[in-house]
> 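Just dropping this structure here.
Heavy-atom basis, side chains included; hydrogens, waters and symmetry copies ignored. In this chain, residues are counted from 1 in sequence order.
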Amino acid sequence: MEYRTALEEATDEIVEKKSRFIGRLVPVKSWEEAEAVLDDTRSKYKGARHYAYACILRGNNIKRFSDDGEPQGTAGAPMLELLERENLSDVIAVVTRYFGGTLLGVGGLIRAYSGSTKAAIEAARIVTMEPCAEILMQMDYNMYGRAAYALPKYETKILEESFESEVRVRALIREKDFDTLKNELTDVSSGTIKTEIIEKRFDFIKKLEK
């Protein structure tokens, strides 16, 4: 099952009635990594009134959030709802609030925490992660052209090429397309192009969404 995530950390902020809301969106793989992001946020933005967060992890289907002292349901919950609506996983969103002296009310807080999270998401580079296979192709030089012609049909991402006694190409392909590609390469080369899977993992093939 594919999912969307942030390629790297993104930060943005909004101001509501003199209160600063600083949103961070950070890719994480475990709750321990998420806790480290929370600790780092508190250290980086010392003196803030609140550090609300929402986190979704694919491993063990973890979904956690905290209002961190704001009225219940005004911070962490709408942040989590936004991550779910954006189909984001393996991320933590943290919103730091520096209080500006004016109460925002329930509706204002929900808009501010959601808006700050949305700003961080919009600042992020989002990718779609899919079940992929890292593959190795080995061939004679006279077969390289045939392989090069076939690979783009599968949106293959070339990772490395070496040209020594033979041509070796390391590439990333959607796992579901591997057998079809291997069969095609075998057919066009009469079996002389050797193709094998090195590793299976979630990765992104599609171009960055922005």
> If you apply the rule side chain to side chain contact (heavy atoms under 4.5 Å, CB included), what do you find for Glu33 with Leu57, and how did you get there?
CA-CA 11 Å; Glu33 289 185 14; Leu57 296 168; over 6 Å; no
> Tell me whether the guanidinium CZ or amine NZ of Arg58 lies under 6.0 angstrom from the six-membered ring centre of Phe202 and within 45° of its axis.
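Here Arg58 passes the 6.0 Å and 45° test against Phe202.
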> Assess whether salt bridge (charged side-chain N to carboxylate O under 4.0 Å, His left out) is satisfied between Arg24 and Asp40, documenting all intermediate values.
CA-CA 11 Å; Arg24 297 180 76 188; Asp40 178 68; 3.0 Å; yes
> Mind listing the closest non-hydrogen atom pair of Ala34 and Cys55 along with its distance?
CB-SG, 4.0 Å
> Going from CD on Glu9 to CG on Leu25, what distance comes out if it is rounded to the nearest 0.5 angstrom?
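Glu9 atom CD to Leu25 atom CG measures 8.5 Å (nearest 0.5 Å).
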> Applying side chain to side chain contact (heavy atoms under 4.5 Å, CB included) to Ile22 and Thr41, what does each step give before you reach the verdict?
CA-CA 10 Å; Ile22 305 169; Thr41 302; over 6 Å; no
> With a 4.0 Å cut-off, would you call Glu86 and Lys118 a salt bridge?
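Result for this pair is yes, salt bridge flagged.
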> Might you point out which heavy atoms bring Ala48 and Thr96 nearest each other, and give the distance in Å?
CB-CG2, 3.3 Å
> Roughly how far, to the nearest 0.5 Å, is CD1 of Ile56 from NZ of Lys63?
5.5 Å
> Checking Arg97 now: which residues fulfil salt bridge (Lys or Arg N to Asp or Glu O under 4.0 Å) with it, not counting sequence neighbours?
Glu70
> Quick one: does Phe204's side chain get under 4.5 Å of Lys157's, heavy atoms only?
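Answer yes - side chains close enough.
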> Can you pull out every salt bridge (charged side-chain N to carboxylate O under 4.0 Å, His left out) where at least one residue sits in residues 176-196? Sequence neighbours excluded, please.
Lys153-Glu184
> Looking only at non-hydrogen atoms, find the nearest pair between Ala52 and Ala75 and report the distance.
CB-CB, 3.7 Å
> Where is the tightest heavy-atom contact between Leu151 and Thr156, given as atom of each residue plus distance?
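Looking at all heavy atoms of both residues, the closest pair is O-OG1, 3.0 Å.
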> Which pair of non-hydrogen atoms, one from Thr5 and one from Ser89, has the smallest distance, and what is that distance?
OG1-O, 2.8 Å
> First locate atom CG of Asn87, then atom OG1 of Thr128, and finally report the distance between them rounded to the nearest 0.5 Å.
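One finds 8.0 Å between CG of Asn87 and OG1 of Thr128.
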> Starting from the C-alpha separation in whole Å, work towards a yes-or-no answer on side chain to side chain contact (heavy atoms under 4.5 Å, CB included) for Phe65 and Met79.
CA-CA 8 Å; Phe65 66 90; Met79 291 168 64; over 6 Å; no
> Could you tell me how the ring of Trp31 sits relative to the ring of Tyr53: parallel (under 30°), tilted (30 to 60°) or perpendicular (over 60°)?
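Trp31 and Tyr53: tilted rings.
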> Here's a test for you: under side-chain contact (heavy atoms from CB on, under 4.5 Å), which of Leu109, Leu104, Ile110 qualifies with Val106?
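Answer after filtering Leu109, Leu104, Ile110: Ile110.
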> Ignoring hydrogens, what is the shortest heavy-atom contact between Leu185 and Ala150? Give both atom names and the distance.
CD2-CB, 4.0 Å
> I want to check something: taking the side chain as every heavy atom from C-beta on, are His50 and Tyr113 in contact at a cut-off of under 4.5 Å?
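Side chain of His50 against side chain of Tyr113, heavy atoms only: contact under 4.5 Å found.
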> Over 60° means perpendicular and under 30° means parallel, so classify the ring planes of Tyr144 and Phe163, tilted if in between.
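Aromatic pair Phe163/Tyr144 classed perpendicular.
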> Would you kindly confirm whether Val28 and Tyr3 end up in one hydrophobic cluster when ILVMFWY residues are joined by side chain heavy atoms under 4.5 Å apart?
no
> Hey, does Val167 have a side-chain heavy atom less than 4.5 Å from the side chain of Glu161?
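Not in contact.
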> Quick one, Phe178 with Lys200, criterion side chain to side chain contact (heavy atoms under 4.5 Å, CB included). Give me CA distance, side-chain angles, the key distance, then yes/no.
CA-CA 11 Å; Phe178 172 73; Lys200 294 182 179 180; over 6 Å; no
